Amino acid sequence: MNEEIKQQYYSGPDGNSPFRRLGGLLRENIKNLTPYSSARDEYQGEASVFLDANENAFGSPLNQQFNRYPDPLQDRLKKRISEIEDVPSANIFIGNGSDEAIDILFRSFCNPGVDNVIIVPPTYGMYQVSANINDVEARKVLLTEDYQLNLEGIAEAIDKNTKLIFICSPNNPTGNSINRADVETLLANFNGLVIVDEAYINFSYQKSWTQELSKFANLVVLQTLSKAWGLAGLRVGMAFASEEIIEVMNKVKPPYNVNEASQRLALEALTNIDQLNSWVRETLQQRDRLVLELNNFDFVLDIYPSEANFILVKTTDANKIYDYLLSKGIIIRNRSKVELCEGCLRITVGTPDENTTLLDELKKL
Ligand SMILES: Cc1ncc(COP(=O)(O)O)c(C=O)c1O
């Protein structure tokens with residue numbers, strides 16, 4: 001990358017933040033987009049007869065009623081998430097899983113065939129897949145040997161068409177958190193968006209980046225109810241960002257992207273923080289137990305420190321162990337073909353019984 005562009009787009013720790021106004025980052029067609037206006041968007045105020053959305057006015061053939069379209073902006077759910085996360089509702093986007101938020105960021109900011117994003121493998125696979133779907137180049141800058149950011153490499157990879165940088169912390173599949181100071185360097189110097197994916201933050205002692213939104217206009221934090229909250233089947237994920245960014249994401253999303261059943265059930269689940277905390281505590285205990293016991297096996301070469309609900313285990317023969325466990329009806333994730341994860345298996349922490357089954361079968365190997 002030539003020095004002039006480097007200065008312009010990645011000015012180094014002492015430079016002023018070169019984050020250009022959001023308008024300069026947005027795709028032109030999105031800037032000019034008139035979003036779909038749903039029946040419920042157009043109506044404001046009190047009413048008792050709803051004949052505006054071609055719904056079935058009689059009801060649903062169920063015990064619960066789902067005949068009405070859901071709240072397009074999920075106000076009640078956002079209010080609860082706002083209380084839990086201490087982030088104003090206006091800074092929250094809710095998606096059909098955080099995967100939807102990832103896709104919407106591509107569609108809002110990246111011109112297909114023109115723009116590019118930076119990903120830092122080994123990391124969560126959907127950044128690459130979303131890039132491919134949207135015909136956007138994903139420039140790979142491998143993490144270092146200790147699974148941290150290669151800031152030099154990222155600076156080299158950035159050019160004037162680089163719109164997004166995806167950082168996963170704690171990182172999937174390695175389990176470690178990414179150094180805060182390094183993320184801060186990116187935020188302060190990159191003039192596109194830095195997306196920090198905190199899908200596993202509940203299992204970590206790290207501070208969430210959600211509290212830094214007022215400091216960094218180019219920060220987007222992703223979280224999900226699919227992991228610690230135990231609601232993967234509901235498909236509810238969040239993006240936290242500036243009001244400007246959230247407005248764009250709301251404009252681009254499908255009108256009713258989070259269904260009524262998911263909104264109701266998520267709201268109910270979010271009252272039960274005690275359950276979440278007790279599962280997290282138990283998961284961490286079980287994670288310690290797995291690390292301790294797995295270390296006794298000769299085929300285990302290394303277990304990487306994890307701040308998530310899974311561990312990455314380096315083995316002498318990942319394929320053999322994977323196939324053996326599969327034959328016993330135990331499925332783990334074979335990551336041995338992933339760069340920097342050679343020989344590695346990713347094991348999700350299960351219930352005490354599940355972990356016992358896993359360890360018992362491994363003893364027979
Ligand atoms: C890092 C990371 N981000 C996001 C997701 C997807 O979350 P969601 O279920 O909210 O789409 C996953 C799921 O495995 C993940 O590991």
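Being a predicted model, the structure only gives us computed values, none of them experimental. Atoms within each ligand, like the ligands themselves, are counted from 1 in listed order.
The ligand atoms of ligand 1 that sit less than 4.0 angstrom from a heavy atom of Arg235 are 8 (P), 9 (O), 11 (O). Within ligand 1, counting atoms from 1 as listed, the ones closer than 4.0 Å to a heavy atom of Thr224 are 7 (O), 8 (P), 9 (O), 10 (O). Residue Ser226 has at least one heavy-atom neighbour below 4.0 Å for each of these atoms of ligand 1: 8 (P), 9 (O), 10 (O).
For atom 16 (O) of ligand 1, the nearest non-hydrogen atom of the protein is Tyr200 OH, 2.7 Å. In terms of protein heavy atoms, atom 3 (N) of ligand 1 is closest to Asp197 OD2, 2.6 Å. Looking only at protein heavy atoms, the nearest one to atom 12 (C) of ligand 1 is Tyr124 CZ, 3.4 Å.
Side chain to side chain, Arg235 and Asn259 fail the donor-acceptor criterion of an N or O pair below 3.5 Å. Between the side chains of Asp99 and Tyr124, at least one donor-acceptor pair of N or O atoms lies under 3.5 Å.
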Apply side chain to side chain contact (heavy atoms under 4.5 Å, CB included) to Lys363 and Phe297, showing your working.
CA-CA 8 Å; Lys363 280 174 199 150; Phe297 293 111; 3.8 Å; yes
I would like to know whether Arg139 and Asp159 meet side chain to side chain contact (heavy atoms under 4.5 Å, CB included); could you show each step before the answer?
CA-CA 11 Å; Arg139 299 189 169 176; Asp159 69 13; 3.1 Å; yes
Carefully, step by step, assess Arg264 and Glu260 under the rule salt bridge (charged side-chain N to carboxylate O under 4.0 Å, His left out).
CA-CA 6 Å; Arg264 277 188 212 168; Glu260 176 67 20; 2.8 Å; yes
Applying ring pair (Phe, Tyr, Trp, His ring centres under 6.0 Å), run through Tyr200 and Phe310 and close with a yes or a no.
CA-CA 10 Å; Tyr200 300 97; Phe310 56 81; 5.0 Å; yes
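Here Asp99 has heavy atoms under 4.0 Å from ligand 1 in both its backbone and its side chain. Contacts of Ser98 with ligand 1, taken as heavy-atom pairs under 4.0 Å, involve both backbone and side chain.
Distances shorter than 4.0 angstrom do not occur between any heavy atom of Met126 and any atom of ligand 1. At least one heavy atom of Cys168 sits less than 4.0 Å from an atom of ligand 1.
For ligand 1, the polar-atom distance check finds no N/O of Tyr127 at less than 3.5 Å from any of the ligand's N/O atoms.
The residue from Lys227, Glu100, Gln223, Glu198 that puts a heavy atom closest to atom 14 (O) of ligand 1 is Lys227.
Between Phe106 and Phe166, a ring centre-to-centre spacing shorter than 6.0 Å is recorded.
At a threshold of 4.5 Å between non-hydrogen side-chain atoms, the residues Asn176 and Gln148 count as touching.
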